[in-house]
Number of protein chains: 2
Amino acid sequence: MAEKVTIATVARHARVSRQTVSNVINAPHIVRPETRQRVQEAIVTLGYRANQAARQMRTGRSRLIAVRIEPTRDGINGSVLDRFLHGLTETAEASGYRVMLYTAADDDREIATYGDLLSAYDLDGFVITGTDHGDPRTAWLAEREIPFVTFGRPWDHPEAHSWVDVDGAAGTREATAHLVAAGHLRIGFIGWPAGSGVGDDRRAGWHRALLGAGVDPDGLDAETEDGIAEGARATRELLARPTPPTALVCASDSLALGALQALRTAGTTLPVIGFDDTPVAAAIGLSSVSQPLGDAAARCVDLLTDLLDGPHRDPRQVLLRPELVLRHLA
Amino acid sequence: MAEKVTIATVARHARVSRQTVSNVINAPHIVRPETRQRVQEAIVTLGYRANQAARQMRTGRSRLIAVRIEPTRDGINGSVLDRFLHGLTETAEASGYRVMLYTAADDDREIATYGDLLSAYDLDGFVITGTDHGDPRTAWLAEREIPFVTFGRPWDHPEAHSWVDVDGAAGTREATAHLVAAGHLRIGFIGWPAGSGVGDDRRAGWHRALLGAGVDPDGLDAETEDGIAEGARATRELLARPTPPTALVCASDSLALGALQALRTAGTTLPVIGFDDTPVAAAIGLSSVSQPLGDAAARCVDLLTDLLDGPHRDPRQVLLRPELVLRHLA
DNA sequence: GGGCAGGATTGGATCGTTCAAGTTGCTGGA
DNA sequence: TCCAGCAACTTGAACGATCCAATCCTGCCC
């Protein structure tokens, strides 16, 4: 069992004071090169690592960022957050930060957890996923000037804080354009009920693409909650309309999967394009709009470390383009 | 901006000393009930929360456990770890612990990360997933007497340390028995190459079930790496044998998915049962053996907190039974 | 009423680090 | 010669909790 190596151990070994060792670590330029060298050698020889708890007590900074892990809902969309989380952990490590997880049943309890994490662990910042109109969580954090970045736009006030998002409209527009190029005109859209920022955005992309192609989107749109069964129901409903669509763009892979099931049951085949490029889409050969989750996570960490360490602490925004992944089903 | 509430603030407010407040928190029984009451009220009124960094400096304990987050490999099996992680975070929170994530490219670098986490953050313990024969990580931790629990058995030395695992053999046995009960005799198995603990275990369950039903398993077994394409190839190979199977049990949902694709291409249908009950299986109606991941995570936390706080610090083991989830494809 | 036992409470030291305020030694200008 | 000015390094104090040892009550018994 190796004994604890503290800054004092290093100082003794290099025959300098504790503070000089601290300076070598935190402000190397004020230490004479030969002394710096000697201290650095001692650090390596002894395998010294700064104790974060002690550092944190003095500085109030922990080099820890918190991310909420959500319950895996329908299991399909959960994988999106999973991939995001992995990217986040990797990039954070590269920047010298570590990721701490928390769960919360609802917004109120999530806010309570913020207080807990901040006072107990002196968390440096938060990455918030899945924001919505008038989110109380971001308001709480902003009020207390606690650094945070959201993955997802604040739809009400686009420049309220730092965020990273994926241009959903661009994704559905590209998907729709691809179907137009393949000769389709009556391209249906299955999306979520109006009112959610993400859902409205994805619908808007399809809408604009159709208008751009000179097609009237009227009567080609179905609104439903997310889910496989819901997607199937919406598809049957669309097929029963006077002029049914000849291709489908969906706001999620769950809906697209439901659409495929409904089509199979109805004995029809139409091209279907989903959204999120989940493992399920890959597994069954469903074309889908893929979000650059690794990139998004990396940019989140960038923006957050900017807020924490950077010279310019103004909020910044990043909008990433998704990519249409074509598979044999469209 | 609320100012910092320390143990001294609480002490002043309740007109007692810091030590008494500390006692109320850590050893309530030695404080007179009315004093305890007064202090507890002060804690609530002021919203006091103990600063972990300060506590940790004195006690050397951080109430933090570390879990590795793996790169999402084929995306299907990744979800297993995701669900496990969620359960872990929830249960840990309930026991007053928080989960910290780390990544590592290989075993050596993972071990290097252990040292980092331990000296920088004074981590209390580790939950290790995906152990294999002669794992260097568990050896490293055991040597230094660092508390850890694995999700997955140490196949070489069953009682070397605390672990939680799911009885894979019981799962494949039940799947096979179900197919036998449905009238099948020549039930094939698609599994991984011999040598991996998990893979051998799952194969053994199928093997025993067939023997129990009086069927010779010879020639009904295919070995392949994990993956959809690999599952499809193995299936085609099995179908080409002199006496092809009339039903299939697979060691993973990826393999099962490949099997389904191969069967569809071949214009055949056979009942197929997968393993892990991933979202993909649920989405396409594939029957699968479901691991109780939430339970497993909770037991991992239980065993770990036992090692950390408990009176009995001997390693303990937990083997959970999986459950066969039947869907329309079998 | 004094002494005593026992538990409740107090003050001081401590964990490892960084910040703030020194101390030392050297250079150079008057 | 003297001292201002600076660079390089050292020392003492502080962060907020817990541990330890000493002190203070309180009730009880003789």
Side-chain angles (χ1 to χ4, degrees), chain A residues 2-40 42-43 46-64 96 116 118-124 309, chain B residues 2-40 42-43 46-64 96 116 118-124 309:
Chain A
E3 29 212 290
K4 239 176 289 182
V5 179
T6 76
I7 211 168
T9 322
V10 177
R12 259 198 312 278
H13 194 269
R15 277 160 302 144
V16 293
S17 68
R18 292 161 306 161
Q19 183 60 29
T20 302
V21 178
S22 174
N23 286 337
V24 169
I25 297 165
N26 301 302
H29 58 280
I30 66 165
V31 180
R32 197 162 21 136
E34 59 219 67
T35 314
R36 195 193 309 158
Q37 176 83 15
R38 205 167 70 238
V39 172
Q40 270 159 347
I43 288 177
L46 299 169
Y48 167 76
R49 286 179 177 104
N51 182 316
Q52 285 296 336
R55 166 175 290 174
Q56 168 182 348
M57 262 228 278
R58 222 31 263 237
T59 61
R61 300 270 306 274
S62 60
R63 302 200 78 80
L64 236 40
D116 215 6
L118 287 167
S119 50
Y121 291 95
D122 278 326
L123 260 114
D124 286 350
D309 311 311
Chain B
E3 28 212 289
K4 241 175 288 181
V5 179
T6 75
I7 206 168
T9 323
V10 177
R12 258 197 313 279
H13 193 270
R15 278 160 300 143
V16 294
S17 69
R18 292 161 305 161
Q19 180 63 20
T20 303
V21 178
S22 175
N23 285 338
V24 168
I25 296 165
N26 301 302
H29 59 278
I30 67 166
V31 181
R32 199 170 11 149
E34 58 220 67
T35 314
R36 196 194 307 157
Q37 177 82 16
R38 204 167 73 236
V39 171
Q40 270 159 349
I43 289 177
L46 298 168
Y48 168 75
R49 284 176 178 109
N51 183 315
Q52 284 298 332
R55 167 177 290 174
Q56 168 181 349
M57 253 220 283
R58 202 64 249 259
T59 62
R61 299 271 306 274
S62 61
R63 301 200 78 80
L64 236 42
D116 217 4
L118 287 167
S119 50
Y121 291 94
D122 278 326
L123 261 117
D124 286 350
D309 311 312

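Reminder, nothing fancy here: chain letters follow the sequence lines and each chain counts from 1.
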Contacts of B:Ile30 meeting side-chain contact (heavy atoms from CB on, under 4.5 Å) (sequence neighbours excluded), chain-then-number -> B:Asn23, B:Ala27
Sorted by chain and number, sequence neighbours left out, side-chain contact (heavy atoms from CB on, under 4.5 Å) with A:Ser22 holds for A:Ile7, A:Gln19, A:Asn26
Between its two end axes (five pairs each) the helix from C:dG1-D:dC30 to C:dA30-D:dT1 turns, nearest 10 degrees, through 70°
Under a 4.0 Å heavy-atom criterion, DNA chain D is touched by chain B from D:dG16 to D:dC20
Hits for side-chain hydrogen bond (donor to acceptor under 3.5 Å, both in side chains) against A:Thr59, two or more places apart or cross-chain, chain-then-number order -> none
Applying side-chain contact (heavy atoms from CB on, under 4.5 Å) to A:Arg38 and not counting sequence neighbours gives A:Arg15, A:Val16, A:Thr35
A side-chain contact here means heavy atoms from C-beta on lying under 4.5 Å apart; do B:Val31 and B:Gln40 qualify? no
side-chain contact (heavy atoms from CB on, under 4.5 Å) filter on B:Arg58, not counting sequence neighbours, yields none
Contacts of B:Arg49 meeting side-chain hydrogen bond (donor to acceptor under 3.5 Å, both in side chains) (sequence neighbours excluded), chain-then-number -> A:Asp116
**Prompt:** So do A:Val5 and A:His13 actually touch side chain to side chain, heavy atoms under 4.5 Å?
**Reply:** no
The side-chain hydrogen bond (donor to acceptor under 3.5 Å, both in side chains) partners of B:Arg32 (sequence neighbours excluded) come to none
Applying side-chain hydrogen bond (donor to acceptor under 3.5 Å, both in side chains) to B:Gln56 and not counting sequence neighbours gives B:Asp122
In 5'-to-3' order, the base (B), backbone-only (S) or no-contact (-) status of each nucleotide in nucleotides 16-28 of chain C, using a 4.0 angstrom heavy-atom cut-off, is BBBBB--------
